[in-house]
Amino acid sequence: MSGDGTDSGNPYETLDGNPYGASVEIFADESVLKEDWQPEKLPEREGELEEIRNALAPATRGVNAHNLFLYGKTGQGKTVAIDHEINLLQEYAENQDDLNLSVTKTSANNQTTSYQLCAHLIKEIRGGTKKPSGIDQQSMFDLLYDEISELEDTVIIVIDEIDTIGSNDELLYELPRARKNGHIEDQWVSVIGISNNLQFRDNLSPKVKDSLYDSEIEFAPYDATQLTSILERRADRAFVEGVLDGEVIPLCSAFAAQDEGSARQAIRLLYKSGELALNHDDELVCESHVREARDILERKRIEEGMRSLTTQDQFALLSVVSLAIEEATPARTRQVYQKYKSIVDRLDGNQLVERRVRDHLQSLGMQGFLLATTRNTGIQGGSHYRFELKTDLEATLDILAEDNRIDSVVEDLVSVATAKNLV
């Protein structure tokens with residue numbers, strides 16, 4: 001604003017001349033909507049919490065807790081649930097003279113082998129010092145056992161994103177058996193693994209399954225009613241009273257339930273809706289803010305994911321996009337493969353066999369770009385996969401067009417989609 005109160009032409013300038021002064025109040029405590037905020041209660045996961053509690057209970061009786069595997073899609077409360085119960089167990093241990101507990105929590109993100117994960121665990125136990133290196137795998141395992149031997153009598157190791165190590169899973173066999181095999185003498189060791197990959201456990205070696213999975217707990221996707229309850233508790237603390245229109249929370253819950261059933265997604269959507277209302281100087285958060293927030297977050301998710309795709313991932317995705325524009329989806333693997341071959345030929349790329357293309361399609365399904373379903377056509381026909389596009393067609397084409405390796409194919413697809421009024 002100018003000195004006489006007239007408009008200076010700066011759209012970001014507020015009445016007091018400072019662009020950071022908000023003219024409306026939306027948030028009371030927006031930290032409640034941040035990912036690192038820990039709720040005190042998880043009523044939607046009481047059943048799972050009880051199972052975790054039962055698995056940890058042997059630690060209070062002087063032996064090791066059960067080994068435990070938690071799995072389910074992202075945003076289902078797995079990490080929050082285990083943190084909740086571990087914290088309660090630690091509080092209990094502090095008040096007991098005969099329970100000495102050590103808990104190590106870490107993420108296996110980017111640790112793709114047992115060797116790397118072992119070195120990472122050693123670093124965590126040591127308190128963040130440099131990772132050891134330059135020794136063979138058994139020596140690395142022995143070094144880990146030495147570190148564990150310096151801990152309290154009861155040791156619980158929590159490994160998030162445990163699926164990152166893939167089939168290189170020797171450490172997951174060795175750790176739970178360390179005392180039995182004489183690698184440590186005084187400590188009781190148990191392992192808790194957390195995974196977003198529902199297929200990870202199926203790919204592990206039989207000996208690891210037998211050694212690690214005393215208990216398995218599946219965290220099923222939240223439904224809309226559960227998500228509404230979660231959002232209402234957070235909204236009571238996060239927002240100024242009366243700023244949320246009555247349709248906002250149900251709509252956020254419905255969108256998230258229809259997608260992945262993820263509490264994290266629902267909370268992000270609610271948070272973004274509030275930010276948009278604030279940025280627009282609107283005194284109420286309304287349905288229109290939710291829909292705008294969904295479009296923004298969806299595009300951001302697509303952008304982030306697609307920029308990390310390999311060339312073969314892009315070829316497979318383009319094949320399904322092309323079939324979607326032809327209104328020929330859901331499509332079986334062989335149909336997608338025929339389209340894939342024509343795209344690869346046009347782009348002079350390296351052509352994979354059908355089985356490998358199916359692997360890429362399944363990977364795209366796990367990443368949320370495609371919807372992959374299994375159909376059973378009877379004894380003679382057997383079962384087969386069917387694939388269709390899960391992301392917004394127009395946003396997908398826009399982002400794929402940024403890659404000059406495939407932009408010529410994308411341009412043609414855009415032309416056809418535009419002619420059909422699909423974008």
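Side chain of S114 to main chain of N168: a donor-acceptor pair is present (N/O by atom type, distance under 3.5 Å, no hydrogens or angles). Proximity of a side-chain donor or acceptor of Q335 to a complementary backbone N or O of R332 within less than 3.5 Å is detected. For the pair S363 (side chain) and D359 (backbone), a donor-acceptor distance under 3.5 Å is absent. Put simply, the side chain of D245 never gets that close to the backbone of V285: no donor and acceptor are under 3.5 Å apart. Proximity of a side-chain donor or acceptor of S322 to a complementary backbone N or O of L318 within less than 3.5 Å is not detected. Counting only distance, with no hydrogens or angles, the side chain of E232 and the backbone of S229 share no donor-acceptor pair below 3.5 Å. In this structure, Y145 contributes its side chain and L175 its backbone to no donor-acceptor pair below 3.5 Å. Proximity of a side-chain donor or acceptor of D169 to a complementary backbone N or O of L172 within less than 3.5 Å is not detected. The closest donor-acceptor contact from the side chain of R386 to the backbone of T373 lies at 3.5 Å or more, if one exists at all. Checking side-chain atoms of S253 against main-chain N and O of T228 turns up a donor-acceptor pair under 3.5 Å.
Listed by chain and residue number, E303, D398 satisfy the salt bridge (charged side-chain N to carboxylate O under 4.0 Å, His left out) test with R299 (two or more places apart in sequence, or in another chain). The ring-ring contact (aromatic ring centres under 6.0 Å, His included) test applied to Y271 returns F27, not counting sequence neighbours. Residues forming a ring-ring contact (aromatic ring centres under 6.0 Å, His included) with H360 (at least two apart in sequence, or on another chain): none. For the ring-ring contact (aromatic ring centres under 6.0 Å, His included) test, no residue two or more places apart in sequence or in another chain qualifies with F219.
The side-chain heavy atoms of I325 and V423, taken from C-beta on, include no pair separated by under 4.5 Å. Taking the side chain as every heavy atom from C-beta outward, I192 and I162 never approach each other to under 4.5 Å. Using a 4.5 Å heavy-atom threshold, the side chains of V189 and T154 count as separate. In this structure, the side chains of D407 and L400 stay at 4.5 Å or more apart for every pair of heavy atoms. A heavy-atom distance below 4.5 Å is not found between the side chains of H384 and T374. Two residues are said to be in side-chain contact when any heavy atoms from C-beta on lie closer than 4.5 Å; L317 and L389 meet this criterion. Looking only at side-chain heavy atoms (C-beta outward), M366 and Q362 stay at 4.5 Å or farther from each other. For the pair I148/T104, no side-chain contact is recorded, criterion being any heavy-atom separation below 4.5 Å from C-beta on.
Residues R233 and E44 are paired through a salt bridge, judged by an N-O separation under 4.0 Å between the basic side chain and the carboxylate. Look at R334 and E354 and you find no salt bridge, because none of the NZ, NE, NH1 or NH2 atoms lies under 4.0 Å from a carboxylate O. Using a cutoff of 4.0 Å between basic side-chain nitrogens and carboxylate oxygens, E402 and R307 are scored as salt-bridged. Look at D160 and K78 and you find no salt bridge, because none of the NZ, NE, NH1 or NH2 atoms lies under 4.0 Å from a carboxylate O. With respect to the salt-bridge test (charged N to carboxylate O, under 4.0 angstrom), the residues E35 and R268 qualify. The residues E50 and R53 are annotated as not salt-bridged, no charged nitrogen and carboxylate oxygen being separated by less than 4.0 angstrom. Ionic pairing of D29 and K34 is not present here: no N-O contact between side-chain nitrogen and carboxylate oxygen is shorter than 4.0 angstrom.
For the 3.5 Å distance criterion, the side chains of H120 and T106 qualify, holding a donor opposite an acceptor. D412 and S415 share no side-chain donor-acceptor pair at under 3.5 Å. Side-chain contact, Y340 with Q312: a donor N or O sits under 3.5 Å from an acceptor N or O. At a cut-off of 3.5 Å, with distance as the only test, a side-chain donor of E161 or S107 sits close to an acceptor on the other residue. Between Y222 and Q76, the side chains place no donor N or O within less than 3.5 Å of an acceptor N or O (distance only, hydrogens not considered). A side-chain N or O of T310 and one of D313 form a donor-acceptor pair less than 3.5 Å apart. Side chains of N279 and E275: a donor-acceptor N/O pair is absent below 3.5 angstrom, by distance only.
Expressed to the nearest 0.5 Å, how far OG of S319 lies from CD1 of I343 amounts to 4.0 Å. Between the CD1 atom in I156 and the CG atom in N64 there is a gap of 9.5 Å [rounded to 0.5 Å]. Taken from CG in N110 to CD in Q116, the straight-line distance is 8.5 Å, to the nearest 0.5 Å. Distance check: T79 OG1 to L70 CG gives 8.5 Å after rounding to the nearest 0.5 Å.
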Would E326 and K339 count as a salt bridge (Lys or Arg N to Asp or Glu O under 4.0 Å) if you check the C-alpha gap in whole Å, the side-chain angles of each, and the deciding distance to 0.1 Å?
CA-CA 11 Å; E326 295 173 8; K339 184 65 67 175; 2.6 Å; yes

Apply side chain to side chain contact (heavy atoms under 4.5 Å, CB included) to N350 and V344, showing your working.
CA-CA 7 Å; N350 179 35; V344 172; 6.0 Å; no

Apply the test side-chain hydrogen bond (donor to acceptor under 3.5 Å, both in side chains) to residues D136 and S139: give CA-CA distance (whole Å), side-chain angles for both, the deciding distance (0.1 Å), then the verdict.
CA-CA 5 Å; D136 61 77; S139 297; 3.0 Å; yes

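Applying the ring-ring contact (aromatic ring centres under 6.0 Å, His included) definition to pairs two or more places apart or across chains, none involves residues 279-306. Contacts classified as salt bridge (Lys or Arg N to Asp or Glu O under 4.0 Å) and involving residues 254-267 (residues at least two apart or in different chains) are given here: K73-E260, D259-K390, E260-K390.
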